[in-house]
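Keep in mind it's a predicted model, so treat the numbers as computed, not measured.
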Amino acid sequence: MTAPLQANGPIIENVALGDRAYDIAIGRGLLATLGARIASLRSGCKVAIVTDETVARLHLAAAEAALKAAGIASSSVVVPAGESTKSFRMLERVCDALIAAKIERGDLVIALGGGVIGDLGGFAAALVRRGVDYVQVPTTLLAQVDSSVGGKTAINSSHGKNLVGAFYQPILVIADTALLDTLPRREFRAGYAEVVKYGLLGDLHFFEWLEANWQEVFAGGPARGNLAAPREFAVCKSVQAKAAIVQRDERETGDRMLLNLGHTFGHAFEAAAGFSDRLLHGEAIGLGMALAFEFSARRGLIPQAEAARVIAHLAAVGLPVKVSDVAGDPLRQSDSAASWPGVDAMMDLIAQDKKVKRGRLTFILARGIGQAFIENNVDAAEVRAFLAEQLSR
Ligand SMILES: NC(=O)c1ccc[n+]([C@@H]2O[C@H](COP(=O)([O-])OP(=O)(O)OC[C@H]3O[C@@H](n4cnc5c(N)ncnc54)[C@H](O)[C@@H]3O)[C@@H](O)[C@H]2O)c1
Ligand SMILES: [Zn+2]
């Protein structure tokens with residue numbers, strides 16, 4: 001592997017964005033250092049912690065204790081858990097609470113939670129007093145490897161997900177991998193889909209390492225010899241991959257689109273499932289990546305065996321890899337195949353997600369494992385035929 005990571009002490013990655021650069025600290029038990037790290041960045045600041053009810057129950061006391069130990073006064077804003085919290089109503093509630101807590105320029109907001117809290121808390125920080133600094137303390141695997149890196153913040157609109165937001169970078173990210181010990185396995189697995197994504201899009205060696213070590217990433221075991229422990233290693237490689245892309249293209253005008261590998265198909269299924277517990281985001285991305293590799297093979301870009309290898313790994317960890325792997329819609333009490341909208345409705349969802357220019361779609365496809373590229377010229381009719389076949393499998 002590239003650069004062996006040392007076993008002892010936290011791993012520090014820097015996101016090099018000029019005057020918006022910041023560190024990401026990764027390691028087991030780092031929450032205890034929250035206060036000291038903040039004190040060294042901002043002496044004498046006040047802090048407000050934005051979190052959700054589930055995370056508050058599990059980890060808020062430890063975060064408050066870490067701040068108190070460094071002599072930092074804190075208050076907290078606790079919102080309900082779940083995607084529906086990324087709303088105008090909750091944004092107003094959080095902004096009002098931050099103002100009531102007298103958070104001013106020079107003070108700090110801490111987003112303690114998964115991607116929902118990172119997106120909502122970060123956006124509130126961008127808005128209150130025209131912007132106060134914030135720190136991300138991601139508590140899900142998805143948030144540690146994806147949403148806490150890169151400064152995208154947003155809430156949802158009635159027209160769709162993440163439609164109201166801002167690019168607003170944190171000043172520090174603390175990824176304490178021990179916090180993931182309380183995460184339900186299903187949530188961990190969904191976040192793992194994004195970890196696999198970094199291997200698939202740009203790093204064959206990392207994908208091979210994941211094939212061999214994924215069980216220990218899930219288990220969160222200790223360091224081996226003088227190498228970092230598997231979970232910390234996986235988080236670190238993912239953060240490095242995302243940071244490298246964000247540094248090249250902060251505002252997603254080019255390369256950052258590569259991060260959408262699996263997301264065009266995935267978002268369509270996520271939307272068709274109504275963004276419900278039926279299909280978590282990461283699960284949709286697992287399915288979407290399987291389809292993107294299958295589609296790449298179908299177009300002759302990669303050997304079928306290579307797509308099969310990708311699909312085998314996703315299936316081994318328990319992610320859905322074909323449409324029928326997703327459980328049926330409980331509301332309709334029907335079997336899974338019959339409970340997806342038809343191919344035309346699915347194509348509409350794909351067209352909504354991505355710009356369609358004269359019947360051409362943009363997809364992230366692959367010329368090999370670790371060699372994703374942006375293909376702007378995919379024939380919608382070809383996608384439709386492929387999808388019709390997948391929906392009937
Ligand atoms: N900003 C970005 O670049 C970006 C990137 C990807 C995803 N996102 C957004 O992230 C969101 C999804 O994030 P998520 O998957 O973290 O969802 P989430 O924040 O809803 O967390 C998932 C569930 O896990 C619970 N939870 C969080 N930490 C826990 C812990 N340590 N132990 C036990 N339970 C815990 C939460 O309360 C929640 O119920 C979506 O809204 C998505 O749009 C943003
Ligand atoms: Zn994603």
Side-chain angles (χ1 to χ4, degrees), residues 10 12 15 19-27 29-81 85-86 90-140 143-144 147-149 151 153 155 166 168-179 182:
I12 310 284
V15 186
D19 59 0
R20 282 165 287 107
Y22 53 96
D23 281 344
I24 300 175
I26 301 155
L30 284 190
L31 186 62
T33 68
L34 177 68
R37 285 172 195 279
I38 284 178
S40 74
L41 273 178
R42 284 292 140 81
S43 65
C45 73
K46 273 198 301 300
V47 161
I49 302 172
V50 179
T51 190
D52 74 30
E53 284 162 5
T54 304
V55 178
R57 205 168 56 245
L58 294 164
H59 303 297
L60 179 58
E64 287 171 338
L67 292 167
K68 194 171 171 203
I72 299 170
S74 71
S75 56
S76 60
V77 190
V78 182
V79 294
T85 282
K86 277 172 59 173
M90 286 299 160
L91 178 69
E92 181 180 4
R93 196 168 124 191
V94 171
C95 287
D96 274 340
L98 296 177
I99 294 163
K102 301 202 162 41
I103 293 297
E104 295 175 14
R105 296 263 184 94
D107 294 329
L108 274 185
V109 173
I110 296 177
L112 172 72
V116 163
I117 290 300
D119 280 13
L120 174 71
F123 191 33
L127 295 172
V128 165
R129 299 184 189 277
R130 300 194 180 86
V132 296
D133 286 338
Y134 76 114
V135 171
Q136 292 267 19
V137 184
T139 65
T140 64
Q144 295 193 351
S147 59
S148 68
V149 185
T153 71
I155 58 167
Y168 194 60
Q169 303 290 345
I171 63 163
L172 174 69
V173 181
I174 295 181
D176 179 348
T177 48
L179 301 182
T182 58

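- Atom CG of Leu172 sits about 10.5 Å away from atom OH of Tyr22, to the nearest 0.5 Å.
- With hydrogens and angles left out, the side-chain atoms of Thr51 and His59 include no donor and acceptor closer than 3.5 Å.
- Put simply, the side chain of Asp107 does not reach to within 4.5 Å of the side chain of Val132, judged on heavy atoms.
- Contact between Ala101 and Ser75 at its shortest, heavy atoms only, is CB-OG, 3.5 Å.
- Taking both residues in full, the closest heavy atoms of Ala62 and Leu31 are given as CB-CD2, 3.8 Å, listed atom of the first, atom of the second, then distance.
- Panel note: side chain Asp52, backbone Pro80; no donor-acceptor pair is recorded below 3.5 Å.
- Here Ile110 contributes atom CD1 and Ile117 contributes atom CD1; the two are 13.0 Å apart, rounded to the nearest 0.5 Å.
- A distance of 10.0 Å separates CG of Leu34 from CG of Asp176, quoted to the nearest 0.5 Å.
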Legend entry - Ile49 and Val137: CA distance, side-chain angles, deciding distance, side-chain contact (heavy atoms from CB on, under 4.5 Å) verdict: CA-CA 10 Å; Ile49 302 172; Val137 184; over 6 Å; no
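- Two residues are said to be in side-chain contact when any heavy atoms from C-beta on lie closer than 4.5 Å; Val135 and Pro170 fail this criterion.
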Inset, instruction - For the pair Leu120 and Ile155, evaluate side-chain contact (heavy atoms from CB on, under 4.5 Å) and give the outcome as yes or no after the intermediate values. - result: CA-CA 6 Å; Leu120 174 71; Ile155 58 167; 3.8 Å; yes
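- Under the 3.5 Å distance criterion, the side-chain polar atoms of Gln144 are matched with a main-chain donor or acceptor of Pro138.
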Inset, instruction - Apply side-chain contact (heavy atoms from CB on, under 4.5 Å) to the pair Arg37 and Leu30, showing each step before the final yes or no. - result: CA-CA 10 Å; Arg37 285 172 195 279; Leu30 284 190; 3.8 Å; yes
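- The two residues Arg105 and Arg130 make their nearest non-hydrogen contact at NH2-CB, 3.7 Å.
- Of all the heavy atoms in Leu60 and Ser76, the pair that sits closest is CD2-OG, 3.9 Å.
- Closest approach of Gly122 to Thr153, counting heavy atoms only: C-CG2, 3.7 Å.
- Atom-to-atom distance recorded for Leu108:CG and Lys46:NZ is 11.0 Å, nearest 0.5 angstrom.
- In this structure, Glu92 places its CD atom where only 12 or fewer heavy-atom neighbours from other residues, nucleotides or ligands lie under 6.0 Å away.
- Applying the ring pair (Phe, Tyr, Trp, His ring centres under 6.0 Å) criterion to Tyr168, with sequence neighbours excluded, gives Tyr134.
- Interatomic distance, CG of Leu112 versus CG of Leu179, reported as 7.5 Å (0.5 Å rounding).
- Scanning all heavy atoms of the two residues, the minimum distance from Ser74 to Leu67 falls at CB-CD1, 3.7 Å.
- A donor-acceptor contact shorter than 3.5 Å links the side chain of Ser148 to the backbone of Ala143.
- Rounding to the nearest 0.5 Å gives a distance of 11.5 Å between CD1 of Ile174 and CD1 of Ile24.
- Gln169 contributes a side-chain N or O that, together with a main-chain N or O of Gly151, makes up a donor-acceptor pair within less than 3.5 Å.
- With hydrogens and angles disregarded, no donor-acceptor distance shorter than 3.5 Å links the side chain of Asp96 to the backbone of Arg93.
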